[in-house]
Amino acid sequence: MSQLILLHILSLTFFITLPSSLSQSNQFCEAGTGIPSSKLLIKGGTVVNAHHQQVADVYVEDGIIVAISPTITVGDEVTVIDATGKFVMPGGIDPHTHLEFEFMDTTTLDDFFSGQAAALAGGTTMHIDFVIPLKGSLTAGFEAYEKKANKSCMDYGFHMAITKWDETVSREMELMVNEKGINSFKFFMAYKGALMINDELLLEGFKKCKSLGALAMVHAENGDAVYEGQKKMIELGITGPEGHALSRPAVLEGEATARAIRLADFVDTPLYVVHVMSIDAMEEIAKARKSGQRVIGEPIASGLALDESWLWHPDFETAAKYVMSPPIRKRGHDKALQAALSTGVLQLIGTDHCAFNSTQKAFGIDDFRKIPNGVNGIEERMHLVWDIMVESGQISVTDYVRLTSTECARIFNIYPRKGAILQGSDADIIILNPNSSFEITAKSHHSRLDTNVFEGRKGKGKIEVTIEGGRVVWENNELKVAPGTGRYIKMPPFSYLFDGMDIKDAFYLNSLQAPVKRAKSST
Amino acid sequence: MHITCVTMAMRFTLLHILSLTFFITFPSSLSQSDQFCDAGLTSSKLLIKGGTVVNAHHQQLADVYVQDGVILAVNPSIPVGDEVTVIDATGKFVMPGGIDPHTHLDFEFMDTATVDDFFSGQAAALAGGTTMHIDFVIPLKGSLTAGFEAYEKKANKSCMDYGFHMAITKWDETVSREMEIMVKEKGINSFKFFMAYKGALMINDELLLEGFKKCKSLGALAMVHAENGDAVYEGQKKMIELGITGPEGHALSRPAVLEGEATARAIRLADFVNTPLYVVHVMSIDAMEEIAKARKSGQRVIGEPVASGLALDESWLWHPDFETAAKYVMSPPIRKQGHDKALQAALSKGVLQLVGTDHCAFNSTQKALGIDDFRKIPNGVNGIEERMHLVWDIMVESGQISVTDYVRLTSTECARIFNIYPRKGAILPGSDADIIILNPNSSFEITAKSHHSKLDTNVYEGRKGKGKIEVTIAGGKIVWENNELKVAPGTGRYIKMPPFSYLFDGIDKKDAFYLNSLQAPVKRAKSNT
């Protein structure tokens with residue numbers, strides 16, 4: 001069943017209208033004119049790639065970008081979109097999401113359809129989700145996620161979490177990379193008693209990743225110390241959401257980040273640190289990169305846009321929605337992470353979108369340890385990054401494309417199919433109007449979530465059109481999406497991060513001047 | 001050789017009935033200087049005349065008058081009667097005897113035991129100007145009390161003052177209770193945790209946190225051996241797989257990055273618990289920089305380099321002769337050239353605070369246990385006898401530190417950290433008369449032939465330098481003079497070290513400040529349910 005063909009038999013798919021709240025803008029509408037043209041011309045916009053921007057037309061046919069030229073003339077059968085005065089950019093790629101994720105005795109609200117629909121409405125055209133092994137089985141986990149993803153309406157890839165270690169896991173990792181299109185594995189240094197692994201397993205995992213050309217990722221917090229911190233807060237009678245932040249301070253994120261970086265250096269394999277939330281962790285990454293180590297740091301939208309003060313809010317429901325791990329930090333960390341993005345210390349932006357309703361968050365009304373961890377962001381990321389980073393003058397528009405799309409595609413080895421507006425690239429395109437503005441509310445967003453951690457936030461820049469695989473899926477504040485239209489994007493191993501690793505290893509071996517030849521003395 | 005132990009009923013009294021003790025003569029090699037000589041009778045009154053008396057805080061030309069093992073007066077000119085033994089120290093430095101914070105005498109490790117026991121190791125120390133050391137009690141089958149008793153017995157033959165740290169190698173309620181006993185009754189105020197030696201002494205972060213918390217509550221100093229044991233284990237496997245089985249494999253299997261990692265981890269966990277931390281044998285730039293960073297941020301972290309880390313580099317481990325290479329095997333390993341100089345600079349800038357040795361002596365026959373596999377080479381180098389001379393030569397003669405700094409780094413700061421200052425670590429009225437006289441115009445040479453340790457090798461073999469400790473006075477007795485040792489087993493005293501050293505000053509205030517800063521718990525109306 002080649003998913004590519006699916007694109008061309010769109011007429012066979014049926015479009016869905018989700019029950020929505022009041023406003024028109026909140027609706028998933030039927031495509032209207034029926035069958036959309038498979039030929040598109042985006043006219044007169046500023047086409048932005050990570051490496052270059054120019055005023056040009058973009059011509060799309062059958063889901064693929066066919067031409068980018070200052071002036072392209074087309075016939076009547078081509079749908080023309082005027083992008084004059086606007087930015088035409090690669091759709092966002094969110095490297096870090098958890099759709100339909102079973103965690104802390106409940107399941108995230110957004111499944112592969114609703115989460116992706118929200119993403120498309122916010123200008124993200126691909127995401128990479130984390131497959132969680134099922135009872136330790138990677139294969140079973142993969143199959144479960146394949147099923148979950150059947151209803152997809154946009155392209156997606158998979159990372160995989162590794163939560164234990166044995167020969168079977170090791171063999172299955174091979175299978176995942178060689179046959180299933182997975183090229184990254186995440187290890188949890190936190191969540192003691194659940195997902196956490198110790199240094200011994202982390203080292204085994206890193207070695208295996210290296211041999212497979214797969215990228216090792218870490219959730220970096222010291223789980224033993226977090227457990228201590230949680231006990232301490234409960235003993236102090238601090239049971240509310242603020243206890244969440246207090247129990248796992250930034251020093252513990254810095255510690256685990258430093259540890260993962262050093263162990264990756266020891267094994268000599270590239271490392272990807274997910275959700276960098278603190279100055280402590282960021283500085284460790286900066287130090288490692290300065291010394292030439294291949295470390296990627298991923299801040300997320302909430303870490304860039306929010307601060308921990310919300311966790312002290314007197315209303316539990318409000319405070320609880322900000323609970324995620326590592327926690328959102330004190331004011332100052334947000335600005336430092338922004339600066340690190342602009343100076344190249346951090347490389348791309350994710351969301352860790354992991355949506356739990358207020359009823360789910362209420363599980364922890366008497367004990368912050370029971371509040372399901374997670375915030376939204378898949379829909380908001382592109383707007384927030386534009387507003388926070390571009391509108392403030394911290395980065396250029398080309399940087400914006402790099403941080404939200406291109407670098408992710410490169411790291412996960414799907415560039416330039418994704419992450420670029422180039423001839424032959426997938427037609428995943430957004431049109432952003434810098435003179436318009438956005439406002440985020442739970443009422444108007446497209447996630448199923450009943451709250452939004454960015455509630456009421458306004459900013460400049462508005463993604464007016466999202467094109468996914470050559471189809472216009474978001475226009476005039478209307479979503480036109482259908483389940484089953486999203487494709488699984490296999491990600492091959494040995495991304496650019498592995499270039500030269502073999503040479504470095506050989507250089508290392510040569511440098512040892514060992515074994516030393518010694519005459520056997522008297523035994 | 002005969003080592004006769006004097007029964008040790010009252011070690012304190014023993015000092016004053018010296019005539020009852022009989023002195024030991026070691027059979028020695030050729031030179032006179034290698035002998036432990038009969039002391040004859042020594043006066044209990046001493047005057048050290050005309051030297052430059054150096055304390056960590058001040059130096060001055062003065063006489064020092066000692067009676068019954070205690071310093072009574074320090075004055076520009078002290079007239080005394082004929083019954084007083086007078087030592088002329090004109091043109092020389094009169095300084096507090098060295099205190100070595102890190103030794104392993106009579107230590108059972110890696111299926112063997114160190115060759116220096118409490119007598120031979122201490123005799124060597126005294127010949128090198130060190131008048132006190134703090135050794136590590138290792139629990140016996142997990143029992144702290146049994147371990148302590150075993151070390152009490154080992155130390156019966158002591159000929160100089162000593163204290164004890166204690167290693168913590170597992171965790172349960174009993175260990176926790178025993179730590180309390182050790183601090184409150186046994187005079188121990190520091191506990192060491194091993195982040196390396198997987199499967200043997202190593203503990204994980206959970207236990208480390210428990211240990212730190214317990215230390216904090218007792219006012220005891222938490223110490224760490226900082227290397228990532230899991231990664232070391234990996235590194236060892238890798239080297240064996242690569243066919244690197246010689247001593248160089250030891251260094252290659254546990255690179256500096258793993259010392260840096262564990263140092264960073266211990267520092268952060270100590271910060272999390274808010275308790276002072278002491279990092280033993282800082283061997284690398286990586287570890288030193290973590291300490292520098294923490295101290296810069298105001299955290300109470302003490303870094304202890306050791307003599308071998310300051311004076312040597314790893315190239316010896318590549319020596320084509322196994323016996324030569326193997327004697328340099330210790331953990332963390334001696335590092336590449338450059339680390340030594342960086343550690344020296346860190347000492348001179350105050351990033352590191354005191355110098356130890358990790359004296360842990362294994363003979364070449366013991367080192368040969370690892371002839372086919374570096375993992376089986378007993379870890380350890382000498383240093384207890386050489387430290388004071390090496391630090392003088394490397395640090396003072398090179399102009400990196402002042403003489404007052406020298407006293408601070410080799411003696412005073414150790415006494416302060418382990419809360420026995422100014423009884424130890426100072427030349428002040430009332431201080432114990434542990435004194436050395438160093439002649440800056442003389443010189444030293446280190447050889448296995450002439451040293452006083454039982455070791456048949458010496459990692460500093462052939463090293464020469466300026467400065468020579470000509471006299472060592474321990475507890476008011478001249479024990480080293482004219483290159484002769486006059487020591488007797490049973491004359492050393494156990495020095496109890498009380499908890500809550502200056503490193504704990506204000507920790508309670510910091511905790512209170514922290515609690516006040518939380519603005520928690522937040523008062524919330526219980527919503528539905």
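What you see below is based on every heavy atom in this structure, not just the backbone, and it leaves out hydrogens, waters and symmetry mates. Order of the sequence lines sets the chain letters (A, B, ...), proteins ahead of strands, with each chain counted from 1.
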Under a 4.5 Å heavy-atom cut-off, does chain A meet the side chain of L252(B), its backbone, both or neither? both
Closest heavy-atom contact between A520(B) and E242(A)? CB-CG, 3.6 Å
Just checking N510(A): does its CG atom have more than 12 heavy atoms from other residues, nucleotides or ligands closer to it than 6.0 angstrom? yes
So which of T245(B), D271(B), L258(B) has the biggest tally of heavy-atom pairs under 4.5 Å with chain A? L258(B)
Any salt bridge between E235(A) and K213(B), counting N to O under 4.0 Å? no
Would you mind checking which part of L515(B) comes under 4.5 Å of any heavy atom in chain A, side chain (CB onward), backbone (N, CA, C, O), both or neither? side chain
Considering only heavy atoms, which portion of P314(A) lies under 4.5 Å from any heavy atom of chain B: side chain, backbone, both, or neither? both
Name the option with the most non-hydrogen atom pairs under 4.5 Å to chain A; the candidates are A264(B), A262(B), G260(B), A368(B). G260(B)
Out of curiosity, D199(A) CG to D205(B) CG, how far, rounded to the nearest 0.5 Å? 7.0 Å
For residues L518(B) and I238(A), determine if any side-chain heavy atom of one lies less than 4.5 Å from a side-chain heavy atom of the other. yes
K231(A) and E206(B) ion-paired at < 4.0 Å: no
Over 12 non-hydrogen atoms of neighbours within 6.0 angstrom of CG in D111(B): no
Set of side-chain contact (heavy atoms from CB on, under 4.5 Å) partners for K238(B), sequence neighbours left out: Y508(A), L242(B)
Is any NZ, NE, NH1 or NH2 atom of the basic residue among R262(A) and E290(B) found under 4.0 Å from an Asp or Glu carboxylate oxygen of the other? yes
Of all heavy-atom pairs between L311(A) and R524(B), which one has the smallest distance, and what is that distance? O-NH2, 3.0 Å
Assert top hit (heavy-atom pairs under 4.5 Å, partner chain B, pool G240(A), P241(A), G243(A), A319(A)) equals P241(A)
Over 12 foreign heavy atoms within 6.0 Å of NZ, K510(B): yes
Is it true that a side-chain atom of W312(A) and a backbone atom of Q519(B) form a donor plus acceptor pair closer than 3.5 Å? yes
If you count every heavy atom of other residues, nucleotides or ligands that lies below 6.0 Å from K287(A) atom NZ, does the total exceed 12? yes
Residues of residues 221-229 of chain A with any heavy atom under 4.5 Å of a heavy atom in chain B: N222(A), D224(A), A225(A), E228(A), G229(A)
